[in-house]
Amino acid sequence: MSYPTLLSPFQVADVTLKNRIVMPPMVIWKSGEDAEVRDIHRKHYASSAGPGLMIVEATAVSPDGKLHKNQLGIFEDRHIQGLSRLAGTIRKTGALPGIQINHAGGRSTSEWNWGLPPLAPSTDGSIKPDSPECRTLTIDDIKRIQTDFVAAARRAVTAGFEYIELHYAHGYLGSQFLSPLTNTRTDEYGGSLENRQRFLIETYRACRDAVGDSTLLSCRLGIIDKDEDGLSLEEGIDTACRLEAEGAPILHISRAHGVPDSVRPEGSSFDPLLHLAGKARPKLKIPVIGIGGILTPAEAERAVNKGVTDLAAVGRGILADPQWALKVIKDAEDSIHICRRCNPCFWYKTPEKCPSRIAAGNTI
Ligand code: FNR
């Protein structure tokens with residue numbers, strides 16, 4: 001076995017993952033306007049077997065928070081059946097079934113939301129909502145979206161997901177509250193760091209109370225903005241520590257509105273995004289999932305051995321060759337079709353143009 005640390009089991013709270021490889025959430029836009037799971041989703045996740053933890057793509061908690069018209073949803077009970085079959089498909093691969101639940105806030109549009117206007121913490125920040133029809137969240141809206149998160153988390157548990165991740169990264173609603181670039185509110189949800197954290201902490205706490213201790217309730221937390229007037233690393237790490245204090249057993253560390261190159265120490269070959277996990281990890285007692293630019297198993301092994309991260313998430317690498325993890329496990333890494341960073345997969349716009357994916361014979 002060439003990668004003993006990467007392939008060793010890893011304990012998170014009471015759960016043992018079979019290895020330290022994670023398939024991060026990556027949308028594939030294969031639902032219909034009903035937001036339900038299709039056969040193609042099950043095929044896609046089954047064909048990516050091998051990671052110890054597989055996290056289903058961003059799934060909408062509210063009908064007014066969608067990312068795309070063909071995004072998966074978890075905002076009605078009718079979604080449970082399909083999601084339950086998907087969780088079962090993932091469990092059969094030997095992975096812990098996980099799911100990311102999301103509200104897109106000001107990055108949604110009414111076109112995707114059956115005409116419902118998108119909502120954001122504020123609409124006059126230096127990063128504007130994606131659509132001019134976006135309106136500012138009232139306190140009632142905030143409470144309703146928090147209730148939607150709780151209902152979605154309950155549905156995820158009912159469907160059999162054992163890891164649930166609240167999407168607090170990448171400029172979506174959680175990031176929008178946390179960042180001064182998108183939150184200019186003057187009430188208890190804006191202004192000071194504690195106020196900007198309030199939506200995230202309250203929502204986490206409410207979901208924690210709803211799902212109980214047997215589910216790993218995590219967050220994908222964006223801990224820095226690219227713009228120096230935005231969320232600072234210090235503020236992001238403070239937020240991670242607060243989520244840990246609320247009982248988070250693990251955190252998935254990522255960026256908020258972009259990531260500055262300066263977080264990469266001189267001489268390091270790791271992606272700046274991956275270094276964010278390395279910055280948060282020493283401040284936390286719980287393990288972290290790190291992500292960013294991991295192409296080869298050797299890089300993943302190095303990241304876990306060097307203490308940059310506890311678990312290594314591989315995004316585009318697994319899209320390029322869905323058997324990435326299986327080939328590592330089978331000691332067949334030479335046959336991995338390595339991601340070339342050419343990015344037709346990005347945002348799953350033209351995945352069929354991915355040269356490695358074509359070479360790997362993937363047809364989805
Ligand atoms: C993503 N990413 C992403 N992130 C997230 O939190 N939820 C999501 O649903 C998606 N969807 C998504 C789709 C596609 C096609 C890509 C390529 C990316 C971001 C992803 O999880 C990951 O953070 C980045 O791709 C960086 O990791 P890699 O690709 O460098 O390993």
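When a ligand or atom number is given, it counts from 1 through the structure's own listing order. The first residue in the sequence is number 1, and the count goes up from there.
The atoms of ligand 1 that sit less than 4.0 Å from any heavy atom of H167 are 5 (C), 6 (O), 7 (N). Under a 4.0 Å criterion applied to the non-hydrogen atoms of Q100, ligand 1 contributes the atoms 5 (C), 6 (O), 7 (N), 8 (C), 9 (O). The F346 neighbourhood of ligand 1 comprises atoms 17 (C), with distances under 4.0 Å to a heavy atom of that residue. Within the listing of ligand 1, atoms 9 (O) sit less than 4.0 angstrom from a heavy atom of A58. If you number the atoms of ligand 1 from 1 as listed, the ones under 4.0 Å from a heavy atom of G293 come out as 28 (P), 30 (O), 31 (O).
The closest side-chain donor-acceptor pair between S110 and N113, if any, does not fall under 3.5 angstrom. Remark: the E133 side chain and the S131 side chain contain an N/O donor-acceptor pair separated by less than 3.5 Å. For the 3.5 Å distance criterion, the side chains of D34 and H79 fail to qualify, holding no donor opposite an acceptor. Side-chain N/O atoms of Q100 and R220 include no donor and acceptor closer than 3.5 Å.
At least one N or O atom of G315 sits closer than 3.5 Å to an N or O atom of ligand 1. Note: no N/O pair closer than 3.5 Å links Y348 and ligand 1 by distance alone. Residue contacts with ligand 1: R316 is placed with a nitrogen or oxygen under 3.5 Å of a nitrogen or oxygen of the ligand (distance criterion only). Annotation: I291 places no N or O atom under 3.5 Å from an N or O atom of ligand 1; distance criterion only.
Contacts between V27 and ligand 1 below 4.0 angstrom, taking non-hydrogen atoms only, involve backbone and side chain alike. Neither the backbone nor the side chain of H252 comes within contact range of ligand 1; no heavy atom lies under 4.0 Å. At a heavy-atom distance under 4.0 Å, only side-chain atoms of L319, from C-beta outward, approach ligand 1.
Look at H68 and you'll find every heavy atom at least 4.0 Å from all atoms of ligand 1. The closest approach between any non-hydrogen atom of C345 and ligand 1 is below 4.0 Å. Residue G292 places a heavy atom under 4.0 Å from ligand 1.
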Verdict with reasoning, D331 to S2, per side chain to side chain donor-acceptor pair (under 3.5 Å): CA-CA 7 Å; D331 219 359; S2 317; 3.1 Å; yes
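Of the candidates M26, Q71, R220, R220 brings a heavy atom nearest to atom 23 (O) of ligand 1.
In terms of protein heavy-atom proximity, atom 8 (C) of ligand 1 is nearest to P25 O, 3.3 Å.
By the definition of a contact as any protein heavy atom under 4.0 Å away, atom 15 (C) of ligand 1 is in contact.
The aromatic rings of Y348 and H44 lie perpendicular to each other, with more than 60° between the two planes, well past the 30° mark. The aromatic rings of F149 and F199 stand perpendicular to each other, their planes meeting at an angle above 60°, with 30° marking the opposite boundary.
More than 12 heavy atoms of other residues, nucleotides or ligands shown are found within 6.0 angstrom of CD on Q11. Counting non-hydrogen atoms of neighbouring residues, nucleotides and ligands closer than 6.0 angstrom, the CD atom of Q81 reaches no more than 12 such neighbours.
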